[in-house]
Novice: 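Structure provided below as structure tokens; questions to follow.
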Amino acid sequence: MPRTLVLASNNAGKIKEFNALLADIGITVKPQGEFDFEEAEETGLSFIENAILKARHACAHTGLPALADDSGIEVDYLDGAPGIYSARFAGEHGNNEANNALLLEKLDGVPEAERTARFHCVLAYMRHQNDPTPQVFHGVWEGRILTSAQGQEGFGYDPIFFVPEQGCSAASLPKDIKNQISHRAQALQQLLTSFEQTAGGITL
Ligand SMILES: O=P(O)(O)OP(=O)(O)OP(=O)(O)OC[C@H]1O[C@@H](n2cnc3c(O)ncnc32)[C@H](O)[C@@H]1O
Ligand SMILES: [Mg+2]
């Protein structure tokens with residue numbers, strides 16, 4: 001089990017969720033923003049490629065094991081878009097308001113049954129920059145796109161992502177509930193199970 005790892009993300013919402021999810025397992029999580037290096041160019045054409053690329057970049061710049069998360073929302077009516085481009089869907093990286101407004105606009109008038117969508121979270125764990133066996137975990141959270149924003153919790157597309165099994169938007173969920181059922185929670189649970197199952201966990 002690594003003692004310290006660098007979280008290869010600059011997304012404040014993700015960092016908050018990872019800190020909550022990894023709090024009591026004795027791992028010190030250092031967001032990459034605490035180090036002084038430029039973030040990786042996300043040139044991959046899939047969540048997996050981007051997650052591996054971000055993890056390897058963070059390992060190379062810190063010498064620490066790295067955990068990266070590449071995630072996004074896949075909307076069936078848009079043939080899977082915005083997908084890996086979720087962070088910059090409306091053109092400006094991280095402008096959640098613009099991203100959500102554009103998604104609502106593109107689905108204007110689309111009936112409920114055709115508004116299905118899912119969040120993907122791919123985690124890549126790397127022991128070092130030349131790790132030949134990065135561990136990859138993939139969580140998927142099914143839902144649909146609302147016609148207007150609901151709720152104040154979470155981040156990104158949460159206010160317009162309806163979670164059928166909860167009967168509300170992801171942004172209306174208490175943090176601890178989202179952290180039990182989300183795409184990120186599912187992927188992280190797979191990682192923690194793999195740590196436990198590997199003899200003595202993944203070593204530094
Ligand atoms: O690459 P890093 O530094 O981790 O930060 P980022 O925000 O660029 O992250 P991604 O490239 O993985 O893009 C993910 C986008 O998908 C959205 N997203 C991911 N997880 C989400 C969640 O749990 N709830 C709502 N939106 C989410 C969010 O808008 C992010 O901007
Ligand atoms: Mg990104």
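Atoms within a ligand are numbered from 1 in the order they appear, just like the ligands themselves.
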Novice: Would you call Lys54-Asp69 a salt bridge at under 4.0 Å N-O?
Specialist: no

Novice: What is the closest protein heavy atom to atom 24 (N) of ligand 1, and at what distance does it sit?
Specialist: Asp158 OD1, 2.8 Å

Novice: Among all protein non-hydrogen atoms, which one is nearest to atom 17 (C) of ligand 1, and what is the separation to 0.1 Å?
Specialist: Tyr157 CD1, 3.9 Å

Novice: I need the minimum non-hydrogen distance between Ser169 and Pro159, along with the two atoms involved.
Specialist: CB-O, 3.8 Å

Novice: With heavy atoms of His183 as the reference, note each atom of ligand 1 found under 4.0 Å away.
Specialist: 20 (N), 21 (C), 22 (C), 23 (O)

Novice: Within a distance under 4.0 Å of any heavy atom of Asp69, pick out the atoms of ligand 1 and give their elements.
Specialist: 4 (O), 12 (O)

Novice: Side chain or backbone, does Ser9 bring an N or O within less than 3.5 Å of an N or O on ligand 1?
Specialist: yes

Novice: Any idea which protein heavy atom is nearest atom 20 (N) of ligand 1, and the distance to it?
Specialist: Arg184 NH2, 2.9 Å

Novice: For the Mg ion (ligand 2), check which protein N, O or S atoms are under 2.8 Å away and list them.
Specialist: Glu42 OE2

Novice: Show the atoms of ligand 1 that are less than 4.0 angstrom away from any heavy atom in Lys178.
Specialist: 22 (C), 23 (O), 24 (N)

Novice: Quick test of your reading of the structure: of Gly154, Ser71, Ala68, Ala185, whose heavy atom lies closest to atom 14 (C) of ligand 1?
Specialist: Ser71

Novice: Could you walk me through whether Phe37 and Thr62 satisfy the side-chain contact (heavy atoms from CB on, under 4.5 Å) test, starting with their C-alpha distance in whole Å, then the side-chain angles of each, then the deciding distance to 0.1 Å, before giving a yes or no?
Specialist: CA-CA 9 Å; Phe37 62 88; Thr62 64; 3.7 Å; yes

Novice: So, Ser194 versus Gln135: side-chain donor-acceptor pair below 3.5 Å or not?
Specialist: yes

Novice: At what distance is the nearest protein heavy atom to atom 25 (C) of ligand 1, and which residue and atom is it?
Specialist: Phe155 O, 2.9 Å

Novice: With side-chain hydrogen bond (donor to acceptor under 3.5 Å, both in side chains) as the test, would you mind laying out the steps for Thr147 and Arg115 before giving the verdict?
Specialist: CA-CA 9 Å; Thr147 52; Arg115 300 176 77 94; 5.6 Å; no

Novice: Tell me: protein heavy atom nearest atom 7 (O) of ligand 1, and distance?
Specialist: Asn11 ND2, 2.8 Å

Novice: Where does the angle between the aromatic ring planes of His120 and His138 fall among parallel (under 30°), tilted (30 to 60°) and perpendicular (over 60°)?
Specialist: tilted

Novice: Tell me the protein heavy atom at minimum distance from atom 12 (O) of ligand 1, and give that distance in Å.
Specialist: Lys14 NZ, 2.8 Å

Novice: Regarding Arg3 and Thr28, do their side chains bring together a donor and an acceptor under 3.5 Å, going by distance alone?
Specialist: no

Novice: Please work out which of the three classes, parallel, tilted or perpendicular, describes the rings of Tyr125 and Phe195, given edges at 30° and 60°.
Specialist: perpendicular

Novice: Kindly assign one of parallel, tilted or perpendicular to the pair Phe119 and His183, based on the angle between their ring planes and the thresholds 30° and 60°.
Specialist: parallel

Novice: Any idea which protein heavy atom is nearest atom 1 (O) of ligand 1, and the distance to it?
Specialist: Lys54 NZ, 2.7 Å

Novice: Please list, chain by chain and in numerical order, all residues satisfying side chain to side chain contact (heavy atoms under 4.5 Å, CB included) with Leu78, sequence neighbours excluded.
Specialist: Val75, Ala81, Phe89, Leu103, Lys106, Leu107

Novice: Taking atom 31 (O) of ligand 1 as the point of reference, which of Ala87, Gly156, Gly13 owns the nearest heavy atom?
Specialist: Ala87

Novice: Under 3.5 Å between some N or O of ligand 1 and some N or O of Gln32?
Specialist: no

Novice: So how far is it from Gln190 CD to Cys121 SG, rounded to the nearest 0.5 Å?
Specialist: 9.5 Å

Novice: Would you call Asp131 and Arg56 a salt bridge, taking side-chain N to carboxylate O under 4.0 Å as the test?
Specialist: no

Novice: Among Leu188, Val6, Ile27, exactly one meets side-chain contact (heavy atoms from CB on, under 4.5 Å) together with Leu67. Which residue is that?
Specialist: Leu188

Novice: For Asn96, counting its heavy atoms only, list the atoms of ligand 1 lying under 4.0 Å from any of them.
Specialist: 29 (O)

Novice: Could you tell me, atom by atom, which parts of ligand 1 come under 4.0 Å of a heavy atom of His93?
Specialist: 6 (P), 8 (O)

Novice: Checking contacts here: is it the side chain or the backbone of Phe161 that comes within 4.0 Å of ligand 1, counting heavy atoms only? Could be both or neither.
Specialist: neither

Novice: Whether Lys178 and Glu17 form a salt bridge (side-chain N of Lys/Arg under 4.0 Å from carboxylate O of Asp/Glu) is what I want to check.
Specialist: yes

Novice: Nearest protein heavy-atom contact for atom 3 (O) of ligand 1: which residue, which atom, what distance?
Specialist: Asn10 N, 2.8 Å

Novice: Run Ser172 and Glu153 through side-chain hydrogen bond (donor to acceptor under 3.5 Å, both in side chains) and show every step you take.
Specialist: CA-CA 6 Å; Ser172 305; Glu153 298 289 339; over 6 Å; no

Novice: Counting each atom of ligand 1 from 1 as listed, which ones have a heavy atom of Ser86 under 4.0 Å away?
Specialist: 15 (C), 16 (O)

